[in-house]
Every structure is written in structure tokens, then in C-alpha cells.
Amino acid sequence: MTQGTVPPIGRGLPASEELRNNGVVKNVGEVREPPTGTHQEELATGERSTRNRVARSILDHGPSTVTQLAGRLGLTPAAVRRHLDALVADDVVQAREQRVYGARTRGRPAKVFALTDCGRDAFDQSYDKLAADALRFIQERFGGDEAVVAFARARIAEQATAYREAVEAAAPEERTEALARALSADGYAATARSAPVGEQLCQHHCPVAHVAEKFPQLCEAETEFFSQLLGTHVQRLATIAHGDGVCTTFIPRVSTATHNASASTAGRNPA
């Protein structure tokens, strides 16, 4: 299993599933906007950095007006509006009327900008630590490693139906590719490629990589499920959780008859 990286907030923000627990804006410096005539690449970098500062200021101070952001960041209101327009287009922030508590004054409430769920998820979260703490609690209170294994298998079982349908709908020679597509739909950025006497299933991203580093039972349960699903013994060659670049699983070629028999057995005994 592997933990991917996400570029800074800006045009082309990745899909929401890629934003979970990634530090999109965690290393933000006080970068001044580049002067006119700066090389285009440096300009783009400065734009992204300043945009990150705008989003970070909203996170730190809550929904904010253009004037408030300009004052805090030392930017002109026009520059702030330009960055906000880009952040709104990327679904990082949204505009709304400022909430008024108590008696309302005349005129329309000021427009403020707040982070969306997608934008909030782009910042550091504690989900990995929470998940690891929960598994550690299960391990210590409810049966040690066997309890963790049971949890890992149950987690895979909840995903089994969609994966099984995708694989069984494909021709035998296309089942690894079908599994890769199904995994990619769940955020694993998976690919399939030919290998001597078989294929390799590569997962370039994994939402639970940091937790799997501490609890390899998650990887082991996944490998076990792949074997049952594809009807053959598979071999996990590498995982990011253990320091490798990509999670790589070797899948040997099997005959159609062998696969059908194994798939039938797996269908009666889901992971």
C-alpha cells in the first residue's frame, strides 16, 4: 500500500478522494507575490504559494471577507479576489453571506469565504492517528493480532461485492485490468501490466498507507482477498508501507477452468 502526494492548492486540484489526509498546504511560507516580468514557472509557483496562504488564513480565522484577508496577508483586495476566484473554481472555498448574531443592521450582510469540505480535507488531519489508535485498542483489548486480522478481513469483505462484480464481468485475460480499474475507483491509482508468466498489479496510492505501516495485517488481508478473487495464489512483491515505491502484486497466469472453479469457491466463501 502506498501513500501518494498531492500538489499545492491551485488550478487542477485533484479529485476529492486524493485529498484525504494529505498535506496540501502544510508547508506554507510568507512568500511575496513575484514582480512583473518574473519567469512564468516562478510566477506559477508564487501564485500557488499565495493561494495556499489565503486558504490557510481562512482555516486559521474562520470565514473571512476580502477586506479581512487582504489586511491579514498584506495583499490588495484585487489580488485576494483573484486568488479566491481560483479557489472557488477548484471547490476549495465557497462564498456565502456572513452570519449575523443579534440585531441586523441595514443593508445586505457582507460576503465571506469559507472552506468547503474538500478544502478542509486538503489540510493535515488526524485520521491516520485515529485509525491506528483504534486498531491498537482492538489489539490490546479484544484478542491481540487475531482481532486485528479479523477487522482487516471484515473491512475487505465490505468492499468485496463491487470488486467481484467487476472481475467476474471481465474476460479471463482482462480480469487483472478490471480489478485495477475497480481499485482506482476507490482511490488506489492502480494499474496492471504484463510480466513474465503472469501480470503485475501496481497500486500507486493507498488511503491507509500510514496505518498499514503499523498494522501490516491490512496489507495481508488485501493480498489474501486478491488471491481468492482472481482464483490463484498471488505474491505481494513490494509495499510502500515497508519502504517500497509502489505496492506490487504478482499474479501468475491461470487457465480459464481453474479460475472458474476458484471463483465459484470464493463466491461461496467471500473474503
Side-chain angles (χ1 to χ4, degrees), residues 3-133 186-187 189 205 207-211:
Q3 179 70 34
T5 57
V6 178
I9 285 177
R11 297 287 184 185
L13 189 71
S16 60
E17 64 266 18
E18 283 292 306
L19 288 173
R20 189 204 146 279
N21 80 354
N22 286 298
V24 178
V25 289
K26 64 182 178 182
N27 293 319
V28 178
E30 294 298 310
V31 180
R32 295 179 181 175
E33 295 199 83
T36 302
T38 301
H39 187 276
Q40 185 64 37
E41 183 176 349
E42 294 177 353
L43 176 61
T45 301
E47 291 283 291
R48 287 195 299 267
S49 178
T50 305
R51 201 163 297 158
N52 291 346
R53 292 172 57 208
V54 172
R56 181 77 207 193
S57 183
I58 295 173
L59 177 73
D60 291 341
H61 298 275
S64 305
T65 65
V66 169
T67 301
Q68 290 170 336
L69 289 165
R72 288 198 296 260
L73 298 172
L75 301 173
T76 65
V80 170
R81 289 192 186 94
R82 177 163 52 83
H83 291 301
L84 286 170
D85 286 344
L87 291 169
V88 169
D90 289 333
D91 193 31
V92 175
V93 304
Q94 61 186 352
R96 69 188 190 201
E97 289 188 350
Q98 188 173 31
R99 292 176 181 172
V100 177
Y101 300 94
R104 297 187 62 166
T105 58
R106 284 190 167 188
R108 296 184 61 185
K111 184 165 66 173
V112 296
F113 293 85
L115 289 178
T116 63
D117 289 341
C118 178
R120 192 171 296 280
D121 283 348
F123 292 86
D124 285 335
Q125 301 284 358
S126 299
Y127 300 140
D128 284 344
K129 184 178 185 302
L130 177 63
D133 288 346
D186 275 348
H205 175 75
V208 298
H210 288 169
V211 182

Problem set entry | Flag side-chain contact, heavy atom, 4.5 Å: V54 against V92 | no
Problem set entry | T116 (side chain) donor-acceptor with D91 (main chain) under 3.5 angstrom | yes
Problem set entry | Basic-acidic side-chain contact under 4.0 Å: D133, K129 | yes
Exercise. R72 versus H61: any side-chain heavy-atom pair under 4.5 Å?
Worked result: yes
Exercise. Do you know which of L87, L84, T65, V80 makes side chain to side chain contact (heavy atoms under 4.5 Å, CB included) with F113?
Worked result: L84
Exercise. What closest approach, in Å, do P63 and Q68 show between heavy atoms, and which atom pair accounts for it?
Worked result: O-OE1, 4.2 Å
Exercise. What closest approach, in Å, do A189 and H205 show between heavy atoms, and which atom pair accounts for it?
Worked result: CB-CB, 4.0 Å
Exercise. Rounded to the nearest 0.5 Å, how far does NZ of K111 lie from CZ of R96?
Worked result: 13.5 Å
Problem set entry | Considering all heavy atoms, the nearest A114-I58 contact | CA-CG2, 4.0 Å
For this session: Look only at the side chain of R53 and the backbone of L73, and say whether a donor-acceptor pair between them is shorter than 3.5 Å.
Result: yes
Problem set entry | Check: L75 and L69 side chains under 4.5 Å, non-hydrogen atoms | no
